[in-house]
Amino acid sequence: MATVSPPWAYTLHLPHDPHAPGIARATLRTVLAAHDLTELTPTAELLASELLANAHRHTAGPYALRLRAMEPGRLRVAVWDTDPRVPPGFGAGGASVAVPPTAPRPSCAVRTGISWSPPRTA
């Protein structure tokens with residue numbers, strides 16, 4: 001039985017280590033089981049696997065997995081990394097950029113996209 005009502009959120013900070021994506025997937029499974037959301041596990045794990053693998057492959061620094069309940073039965077899966085470059089096809093014009101209509105998109109997604117923050121200066 002769920003012990004916390006939405007919204008809840010978990011963030012797992014990961015080093016740039018080849019074991020990190022697997023540890024993050026195991027954490028995702030544990031969080032979803034703890035909140036009685038095991039029906040979301042296959043889709044969430046597949047999505048997280050893709051995002052985590054990309055973060056590990058295309059960045060040299062640490063990254064993080066964030067899981068957040070949006071409402072009962074809905075989940076936001078996000079991965080943050082340290083690379084300041086915006087992936088090709090997304091543009092770099094603002095705080096939030098939508099995925100181009102021709103880009104692959106999971107059928108379960110209501111919205112996909114990226115958020116970009118300019119590097120902090122001292």
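Just so it is clear, the model here is predicted, and its values are computed rather than measured.
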Visitor: Relative to the ring of Trp8, is the ring of His35 parallel (under 30°), tilted (30 to 60°) or perpendicular (over 60°)?
Guide: parallel

Visitor: Taking the side chain as every heavy atom from C-beta outward, state whether Glu39 and Leu37 have any pair of such atoms under 4.5 Å apart.
Guide: yes

Visitor: For residues 20-29, tabulate all N or O donor-acceptor pairs below 3.5 Å that involve a side-chain atom, not counting sequence neighbours.
Guide:
residue	atom	partner	partner atom	Å
Thr27	OG1	Ile23	O	2.9
Arg29	NH1	Glu45	OE2	2.4

Visitor: If you take all heavy atoms of Tyr63 and Pro15, which pair is closest and at what distance?
Guide: CE2-O, 3.9 Å

Visitor: Holding to side-chain hydrogen bond (donor to acceptor under 3.5 Å, both in side chains), I want the full list of residues that pass it with Asn54, two or more places apart in sequence or in another chain.
Guide: none

Visitor: With sequence neighbours left out, write down each residue that passes side-chain hydrogen bond (donor to acceptor under 3.5 Å, both in side chains) with Arg68, or none if nothing qualifies.
Guide: none

Visitor: Group every Ile, Leu, Val, Met, Phe, Trp and Tyr by side-chain heavy-atom contacts under 4.5 Å, then state whether Trp80 and Val31 land in the same group.
Guide: no

Visitor: Quick one: sort the His16 and His56 rings into parallel, tilted or perpendicular, breaks at 30° and 60°.
Guide: parallel

Visitor: How long is the straight-line distance from CG of Asp81 back to CG of Leu14, given to the nearest 0.5 Å?
Guide: 11.5 Å

Visitor: If you compare all heavy atoms of Ala55 against all heavy atoms of Val79, which two are closest, and at what distance to 0.1 Å?
Guide: CB-CG1, 3.8 Å

Visitor: Provide the closest heavy-atom pair for Thr38 versus Ala33 in the form atom of the first, atom of the second, distance.
Guide: CG2-CA, 3.8 Å

Visitor: Any idea which heavy atoms bring Thr82 and Pro62 closest together, and the distance?
Guide: CG2-O, 3.3 Å

Visitor: Nearest 0.5 Å please: distance from the CG atom of Leu51 over to the CG atom of Leu46.
Guide: 9.5 Å

Visitor: For Leu32 versus Ala44, what's the shortest heavy-atom pair and its separation?
Guide: CD1-CB, 4.0 Å

Visitor: Taking the side chain as every heavy atom from C-beta outward, state whether Thr11 and Leu65 have any atom pair closer than 4.5 Å.
Guide: no

Visitor: Only one of Val77, Leu47, Leu75 passes side-chain contact (heavy atoms from CB on, under 4.5 Å) with Leu40; say which it is.
Guide: Leu75

